[in-house]
Amino acid sequence: MRTLWRTTTYLFWQHPILWLPVVLADLIAFCLRTLQDWMTHAVINSLVAGHSVLSSSPEPVQTLPVMWSVIFAASKLFVELLDAYLYAAAMVAISILIPALIAQTRIPWRRIPFAIRQRRVQILLLMLKVFGMFIVAASVGAALIVSLPRLHFLPLLFTIESHGENYAIETVVLATIAWILAPSAVALLRPREAPPTNAQSMRHARILAAISVSAAAALYYLATFLRPSFAPELTTPLAINVFWVIASVASALPYIPLFIALYLIANPDSPLAIPPMVDPTPDNLPSDTIVIDHTETPSAN
């Protein structure tokens with residue numbers, strides 16, 4: 001685990017170009033979410049203005065909300081699936097960049113779209129697994145909300161701040177999903193001719209996935225808590241959007257070492273530039289270390 005993390009951090013700081021796929025994926029995902037929210041608010045405002053209770057011919061209440069609720073839910077689901085696809089594509093792109101950077105060859109940018117198309121079925125399956133995990137988590141959460149008063153847990157939970165409680169639960173859910181889906185991510189990056197990953201490496205992948213997702217969630221929640229401190233500067237829509245863009249990109253940074261580590265786990269035989277270790281020479285040894293010289297000395301005779 002220590003060697004894996006040392007190699008991962010070395011590649012992370014030595015080759016900042018590896019940040020580019022994740023940053024681009026996060027920026028595109030942010031634009032999609034912003035566009036979806038803007039369209040939702042615009043439609044809701046137009047409906048409220050066009051179908052007031054004082055109108056002479058209002059839209060039937062029983063049909064309009066149901067129809068638009070389905071449309072909003074479908075658009076939200078579509079955006080979430082696109083976000084998952086973008087991050088999976090960024091993970092594949094990093095797996096293409098690392099060998100070229102290690103070999104110090106020209107970066108094969110054209111191979112990235114080809115590799116993504118080649119793995120489109122695996123990416124689709126990974127997206128469906130992510131979606132299924134979220135559905136299960138939402139179902140369990142709804143069941144807990146219904147059963148909490150019966151189990152007398154609600155007074156205990158109310159002792160914690162509401163937002164902090166929600167963030168803690170979401171972080172645990174996201175970390176659990178990352179733990180479960182880490183083997184699927186490793187399988188996505190593993191070459192077809194490579195042997196199956198051993199159990200120890202898979203355990204490392206699960207641990208790093210859970211830690212990275214938790215760190216990403218914590219960074220985003222930290223930005224949410226710090227936003228009121230920047231309220232005097234966030235007086236325009238542009239300033240607000242810039243703040244959330246920076247927060248979104250910062251929260252996506254833990255995914256970069258995660259994707260690097262997943263590639264190293266999926267390709268253990270790849271030649272990698274491991275950070276130089278301390279050479280066990282006499283100059284680097286502690287002062288109280290006894291060095292035995294095994295060289296033969298010529299005889300006096």
Side-chain angles (χ1 to χ4, degrees), residues 12 16 19-49 65 68-69 72-73 75-84 86-87 90 130 133-134 137-138 140-142 144-145 148-149 153-178 208-258:
F12 177 82
W19 305 5
L20 183 60
V22 174
V23 172
L24 288 179
D26 186 78
L27 290 177
I28 297 174
F30 179 84
C31 292
L32 290 174
R33 292 192 300 268
T34 304
L35 179 61
Q36 195 270 340
D37 293 338
W38 176 82
M39 292 179 61
T40 300
H41 294 158
V43 172
I44 291 176
N45 291 334
S46 64
L47 291 175
V48 172
W68 284 108
S69 297
F72 293 153
S75 64
K76 185 69 174 178
L77 173 62
F78 181 72
V79 170
E80 293 296 336
L81 290 177
L82 278 181
D83 291 354
L86 290 171
Y87 280 101
V130 172
M133 291 291 104
F134 276 111
V140 173
L144 288 176
I145 291 175
L148 279 178
F153 287 161
L154 199 56
L156 178 61
L157 292 177
F158 275 156
T159 59
I160 308 175
E161 185 179 358
S162 177
H163 292 291
E165 174 194 339
N166 294 336
Y167 292 157
I169 293 176
E170 290 177 6
T171 302
V172 171
V173 170
L174 292 175
T176 303
I177 293 175
L208 290 176
I211 293 176
S212 299
V213 171
S214 300
L219 288 174
Y220 189 80
Y221 299 152
L222 178 62
T224 303
F225 289 130
L226 293 179
R227 185 187 181 279
S229 302
F230 295 92
E233 288 77 17
L234 304 179
T235 56
T236 62
L238 178 60
I240 295 174
N241 288 328
V242 169
F243 173 83
W244 286 116
V245 165
I246 296 174
S248 182
V249 172
S251 64
L253 291 180
Y255 290 107
I256 301 173
L258 171 62

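- Here CG of L82 is found 11.0 Å from CD of Q36. Values are rounded to the nearest 0.5 Å.
- In this structure, CH2 on W244 lies 10.0 Å from CD1 on I240, to the nearest 0.5 angstrom.
- The closest donor-acceptor contact from the side chain of T176 to the backbone of V172 lies under 3.5 Å.
- Between L27 atom CG and L86 atom CG the span is 10.5 Å, to the nearest 0.5 Å.
- Using bins of under 30°, 30° to 60° and over 60° for the plane-to-plane angle, the ring pair F12/W19 lands in the parallel bin.
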Exercise for review: Would you check, one step at a time, whether the test side-chain contact (heavy atoms from CB on, under 4.5 Å) holds for V173 with M133?
Suggested key: CA-CA 9 Å; V173 170; M133 291 291 104; over 6 Å; no
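- Shown here for P254 and A250, the closest heavy-atom pair between the two residues is CD-O, 3.7 Å.
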Exercise for review: Check the pair F30 / D83 against side-chain contact (heavy atoms from CB on, under 4.5 Å), numbers first and verdict last.
Suggested key: CA-CA 9 Å; F30 179 84; D83 291 354; over 6 Å; no
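- With rounding to the nearest 0.5 Å, the separation of CG in D26 from SG in C31 is 9.5 Å.
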Distance-only check: which donor-acceptor pairs under 3.5 Å involve side-chain atoms of residues 210-220, not counting sequence neighbours?
unit_1	atom_1	unit_2	atom_2	d
S212	OG	L208	O	2.8
S214	OG	A210	O	2.8

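- Of all non-hydrogen atoms in A247 and A223, the two that sit nearest each other are CB-CB, 3.5 Å.
- Between the OH atom of Y221 and the OG1 atom of T171 there is a distance of 4.0 Å, given to the nearest 0.5 Å.
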